[in-house]
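For reference, positions follow the sequence shown, starting with 1.
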Amino acid sequence: MRLLSKAVHCAASQREWGRRHFWGWLNAVFNKVDYERIKAVGPDRAAAEWLLRCGAKVRFQGFDRWHHDYNGLPTGPLGRYKIQAIDAAESCIMYRGFDHLDGLTCVEEIKLRKCIYIEDPCLERLSSIENLQKSLYMMEVVSCGNVTDRGIITLHKLRSLEHLFLSDLPGIKDKQTTVDRLQTALPRLDIVLDLD
């Protein structure tokens with residue numbers, strides 16, 4: 001009986017691992033960058049398609065409504081719709097897809113909430129995008145368990161950043177040093193910390 005119980009447990013564990021592996025693979029496929037598509041439809045449309053494919057929402061400049069339906073994205077001339085805000089709550093965006101952000105010029109707000117694939121290299125990559133350094137003024141990083149002090153400190157490159165909300169980030173060990181370093185680099189930055 002003990003042997004049968006062990007075999008059933010082992011089979012269930014393998015099935016669970018297989019499911020996780022499948023979803024990880026599928027999420028990686030959703031994040032693949034198609035450079036030809038970016039050239040064909042423009043960076044904002046291609047980025048919106050990527051974000052919505054991964055479960056995020058976007059808001060375009062001049063609109064109050066958030067778009068979350070891939071098939072409901074507005075159509076029009078190339079470059080007409082510019083992404084102003086990204087809400088990536090519980091989405092599967094990951095580092096491999098961040099090249100989609102390169103051509104965006106109007107993004108003012110990014111919310112990263114419960115994003116299991118967001119890690120320090122993602123924040124480093126985001127912070128190194130010149131257009132975002134100029135336009136991004138509000139950001140949230142909440143419940144992203146793979147983010148540490150190192151990733152948060154890289155946000156100092158976002159020189160237009162004025163509002164930063166950080167919450168439920170167990171990877172941040174030295175809160176005060178992290179905050180001090182950010183505020184030294186960005187004196188106008190208003191940081192709201194809810195890390196306890």
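- Note: the hydrophobic cluster containing I86 does not contain F165 (ILVMFWY, side chain heavy atoms under 4.5 Å, direct or indirect links).
- The two residues M138 and L136 have their closest heavy-atom pair at O-CD1, 3.6 Å.
- Put simply, the side chain of R80 never gets that close to the backbone of P74: no donor and acceptor are under 3.5 Å apart.
- Remark: H100 NE2 to L51 CG distance equals 8.0 Å, nearest 0.5 Å.
- Residues forming a side-chain hydrogen bond (donor to acceptor under 3.5 Å, both in side chains) with R59 (at least two apart in sequence, or on another chain): none.
- Here Y137 pairs with nothing under the ring pair (Phe, Tyr, Trp, His ring centres under 6.0 Å) rule; sequence neighbours left out.
- When all heavy atoms of S91 and G55 are compared, the closest pair comes out as CB-C, 3.8 Å.
- Contact record, L104 with N131: O-CB, 2.9 Å, taken as the closest heavy-atom pair.
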request  = Show your reasoning for whether side-chain contact (heavy atoms from CB on, under 4.5 Å) applies to V58 and Q84.
outcome  = CA-CA 8 Å; V58 297; Q84 183 176 19; over 6 Å; no
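- Side-chain heavy atoms closer than 4.5 Å link hydrophobic residues (I, L, V, M, F, W, Y) into clusters, and following such links, even through other members, never connects I118 to I153.
- With rounding to the nearest 0.5 Å, the separation of CZ in R188 from CZ in R159 is 11.0 Å.
- Closest heavy-atom contact between L155 and L161: O-CD2, 4.3 Å.
- A side-chain donor-acceptor contact under 3.5 Å links D120 to the backbone of T148.
- In this structure, the separation between CG on L52 and NZ on K57 is 10.0 Å, given to the nearest 0.5 Å.
- Within the model, atoms CE of M139 and CD of E109 stand 11.0 Å from one another, a figure rounded to the nearest 0.5 Å.
- Residues satisfying the side-chain contact (heavy atoms from CB on, under 4.5 Å) test with S128, not counting sequence neighbours, are R125.
- Listed for the S167 side chain is a donor-acceptor partner under 3.5 Å among the backbone atoms of D194.
- For residues 64-84, the pairs satisfying ring pair (Phe, Tyr, Trp, His ring centres under 6.0 Å) are F60-H67, F60-Y81, F63-Y81, with sequence neighbours left out.
- Residues M94 and V142 do not share a hydrophobic cluster, defined by chaining ILVMFWY side chains whose heavy atoms lie under 4.5 Å apart.
- With sequence neighbours left out, the side-chain hydrogen bond (donor to acceptor under 3.5 Å, both in side chains) criterion links T154 to no other residue.
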query = Could you go step by step and tell me if E140 and R113 meet the salt bridge (charged side-chain N to carboxylate O under 4.0 Å, His left out) rule?
reply = CA-CA 7 Å; E140 291 183 10; R113 291 179 170 265; 2.8 Å; yes
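- Looking at heavy atoms from C-beta onward, K32 lies in side-chain contact with R96 at the 4.5 angstrom threshold.
- Other residues sharing a hydrophobic cluster with Y35 under the 4.5 Å side-chain heavy-atom criterion for ILVMFWY residues are V33, I38.
- With respect to E124 and R150, a salt bridge is recorded, a charged nitrogen being found less than 4.0 Å from a carboxylate O.
- Checked by atom type and distance alone, the side chain of D44 never pairs as donor or acceptor with a backbone atom of K82 at under 3.5 Å.
- Residues V41 and W50 fall into different hydrophobic clusters, defined by Ile, Leu, Val, Met, Phe, Trp and Tyr side chains chained together at heavy-atom separations under 4.5 Å.
- Residues E49 and R37 are in side-chain contact: their nearest non-hydrogen atoms beyond the backbone lie under 4.5 Å apart.
- Put simply, the side chain of Q133 gets close to the backbone of S127: a donor and an acceptor are under 3.5 Å apart.
- Separation of atoms CG (L112) and CG (L123) is listed at 6.5 Å; rounding is to 0.5 Å.
- In this structure, S160 contributes its side chain and K134 its backbone to a donor-acceptor pair below 3.5 Å.
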ask   = Passes side-chain contact (heavy atoms from CB on, under 4.5 Å), D190 versus L164? Steps please.
value = CA-CA 6 Å; D190 174 35; L164 178 62; over 6 Å; no
message = Under the criterion side-chain contact (heavy atoms from CB on, under 4.5 Å), I'd like the reasoning laid out for E162 against L189: C-alpha separation, chi angles, the key distance, then a yes or no.
response = CA-CA 4 Å; E162 293 181 16; L189 181 62; 5.5 Å; no
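- T178 and D149 share a donor-acceptor pair across their side chains, judged by distance under 3.5 Å alone.
- Nearest heavy atoms, I93 versus C54: CG2-CB, 3.8 Å.
- Annotation: R53, atom CZ; neighbour count of heavy atoms from other residues, nucleotides and ligands within 6.0 Å is above 12.
- When atom types are taken as modelled, the side chain of D168 and the backbone of C144 share no donor-acceptor pair closer than 3.5 angstrom.
- Judged purely by atom type and a 3.5 angstrom limit, N31 uses its side chain to pair as donor or acceptor with the backbone of C92.
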inquiry  = side-chain contact (heavy atoms from CB on, under 4.5 Å), that's the test. Do L193 and V179 meet it? Break it down for me.
reply    = CA-CA 9 Å; L193 278 171; V179 168; 3.1 Å; yes
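- Listed here is the closest heavy atom pair of V141 and L169: O-CD1, 3.6 Å.
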